[in-house]
Novice: 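Take this structure first; my questions come after.
Everything quoted here is computed from the prediction, not taken from an experiment. Every heavy atom of this structure was used, including side-chain atoms; hydrogens, water molecules and symmetry mates were not.
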Amino acid sequence: MSHLDNRPASDRQQRVLQAACALFLRDGYRVSMGAVAREAGVSKQTVYAHFENKDTLFHAAVEQLVLPLHASLSPERRGLSATLMALAQAHQTHVMDQENVALGRMLIAEAPRFPAAARTFFRTASETVATRLSSCMAEAMENGEMRREDPDTAAELFLSMLHGLEGDRRLFGLRARGPKAQDDWARHAVTVFMHAYDILPDGRTRTNKKPGKGTEFS
């Protein structure tokens with residue numbers, strides 16, 4: 001079961017996920033399914049009833065951590081500028097979360113021995129968010145709400161602008177921005193990106209030519 005579909009998890013399944021997240025962060029990917037069962041206070045059979053193997057459990061644990069990022073790209077958000085700001089705010093929280101920082105450190109250390117786990121994290125936490133954002137941008141371009149470019153490039157560029165160097169500062173234990181400074185960074189990144197791609201704030205009507213035509217960015 002993919003937890004990105006927002007179906008509610010059972011109480012035991014949630015306990016297993018919480019235990020797995022805690023153990024993966026503390027002990028790395030070498031954690032056994034038996035250890036997860038003991039931490040969750042359930043039988044090993046219960047763990048396997050919900051998760052086929054450790055790879056499946058790890059994938060579900062990572063999905064649990066990145067749910068807020070996917071929620072910011074939910075279909076009910078119609079305006080592109082509102083979507084960009086929601087993603088920026090969710091990304092800010094994600095970058096500043098100590099569990100996510102700890103998971104990143106663990107995976108860097110474990111990647112040579114467990115490359116599949118590192119790939120799972122990248123695909124679940126980064127690649128799927130970029131793909132969904134690219135789809136939103138492609139639709140906006142088709143509707144004339146955004147300057148027409150390669151949407152994959154635009155999505156990756158926006159995510160890179162949000163990330164900046166802050167993730168690396170926290171990853172390496174350096175002095176990081178405070179919440180206000182990080183919020184200012186996120187808002188500035190959104191503003192600069194919207195200007196570069198000729199995106200109007202939600203609710204504004206375009207009275208000039210199509211996006212990117214007759215502007216300094218065309």
Novice: Do you know the tightest heavy-atom contact between Ser81 and Met194?
Specialist: CB-CE, 3.5 Å
Novice: Name all residues meeting the salt bridge (charged side-chain N to carboxylate O under 4.0 Å, His left out) criterion together with Asp183; count only those two or more places apart in sequence or in a different chain, and write none if there are none.
Specialist: Arg187
Novice: Once rounded to the nearest 0.5 Å, what's the spacing between atom CG of Asp150 and atom CE of Met137?
Specialist: 11.0 Å
Novice: Would you give the length of the straight line joining atom CG of Leu103 to atom CZ of Phe121, rounded to the nearest 0.5 angstrom?
Specialist: 4.5 Å
Novice: Looking only at non-hydrogen atoms, find the nearest pair between Ala130 and Ala155 and report the distance.
Specialist: O-CB, 3.7 Å
Novice: So, for Ala61 and Cys21, which heavy atoms are closest and what is the spacing to 0.1 Å?
Specialist: CB-SG, 3.7 Å
Novice: Output, in order, the C-alpha distance, side-chain angles, deciding distance and verdict of side-chain contact (heavy atoms from CB on, under 4.5 Å) for Phe24 and Glu110.
Specialist: CA-CA 11 Å; Phe24 281 133; Glu110 300 277 39; over 6 Å; no
Novice: Kindly indicate whether the side chain of Leu57, heavy atoms from C-beta on, has any atom under 4.5 Å from the side chain of Leu17.
Specialist: yes
Novice: Between His50 and Arg12, do the side chains contain a donor N or O and an acceptor N or O under 3.5 Å apart?
Specialist: no
Novice: Show the nearest heavy-atom pair for residues Ala189 and Leu162, with the distance to one decimal.
Specialist: CB-CD2, 4.0 Å
Novice: Of all heavy-atom pairs between Leu23 and Val31, which one has the smallest distance, and what is that distance?
Specialist: O-CG2, 3.4 Å
Novice: Roughly how far, to the nearest 0.5 Å, is CG of Asp184 from CZ of Arg177?
Specialist: 9.5 Å
Novice: Roughly how far, to the nearest 0.5 Å, is OG1 of Thr124 from CD of Glu63?
Specialist: 5.5 Å
Novice: Using a 4.5 Å cut-off between side-chain heavy atoms of Ile, Leu, Val, Met, Phe, Trp and Tyr, which other residues end up in the same hydrophobic cluster as Leu174?
Specialist: Ile108, Leu171, Phe172
Novice: Treat each ILVMFWY residue as a node, draw an edge where side-chain heavy atoms are under 4.5 Å apart, and state whether Phe158 and Val95 are in one component.
Specialist: no
Novice: State yes or no: do Phe122 and Leu65 share one hydrophobic cluster built from I, L, V, M, F, W and Y residues joined by side-chain heavy-atom distances below 4.5 Å, directly or via other members?
Specialist: no
Novice: Which of these passes side chain to side chain contact (heavy atoms under 4.5 Å, CB included) with Val101: Met106, Arg170, Met96?
Specialist: Arg170
Novice: With side chain to side chain donor-acceptor pair (under 3.5 Å) as the rule and sequence neighbours excluded, what pairs involving residues 15-30 come up?
Specialist: Tyr29-Asp55
Novice: Between the side chain of Asn100 and the main-chain N/O of His94, is any donor-acceptor distance below 3.5 Å?
Specialist: yes
Novice: Within a reach of under 6.0 Å around CD of Glu156, are more than 12 heavy atoms found that belong to other residues, nucleotides or ligands?
Specialist: no
Novice: In chain order, what residues pass the salt bridge (charged side-chain N to carboxylate O under 4.0 Å, His left out) check against Arg169, with sequence neighbours excluded?
Specialist: Glu166
Novice: Does Val36 reach the side chain of Phe51, with side-chain heavy atoms less than 4.5 Å apart?
Specialist: no
Novice: Using the salt bridge (charged side-chain N to carboxylate O under 4.0 Å, His left out) rule, collect all pairs that involve residues 39-53, keeping only residues at least two apart or in two chains.
Specialist: none
Novice: For Glu127, does its backbone N or O pair with a side-chain atom of Thr131 as donor and acceptor, under 3.5 Å?
Specialist: yes
Novice: Looking at Ala90 and Pro68, what are the two nearest heavy atoms and their distance?
Specialist: CB-O, 3.7 Å
Novice: Indicate yes or no: at least one non-hydrogen side-chain atom of Leu69 is less than 4.5 angstrom from one of His91.
Specialist: yes
Novice: Nearest 0.5 Å, what's the CG-OG1 distance between Leu133 and Thr83?
Specialist: 8.5 Å
Novice: Side chains of Leu87 and Val190: closer than 4.5 Å at any heavy-atom pair?
Specialist: no
Novice: Where the side chain of Trp185 meets the backbone of Met161, is there a donor-acceptor pair that is under 3.5 Å apart?
Specialist: yes
Novice: State, with a plain yes or no, whether a side-chain heavy atom of Leu84 is found less than 4.5 Å away from one of Ile199.
Specialist: yes
Novice: Under 4.5 Å between any side-chain heavy atoms of Phe193 and Met146, yes or no?
Specialist: yes
Novice: List in chain and number order the residues that pass salt bridge (charged side-chain N to carboxylate O under 4.0 Å, His left out) with Arg105, two or more places apart in sequence or in another chain; answer none if no residue qualifies.
Specialist: none
Novice: Supply the atom-to-atom distance Gln14 CD to Gln64 CD, rounded to the nearest 0.5 angstrom.
Specialist: 4.5 Å
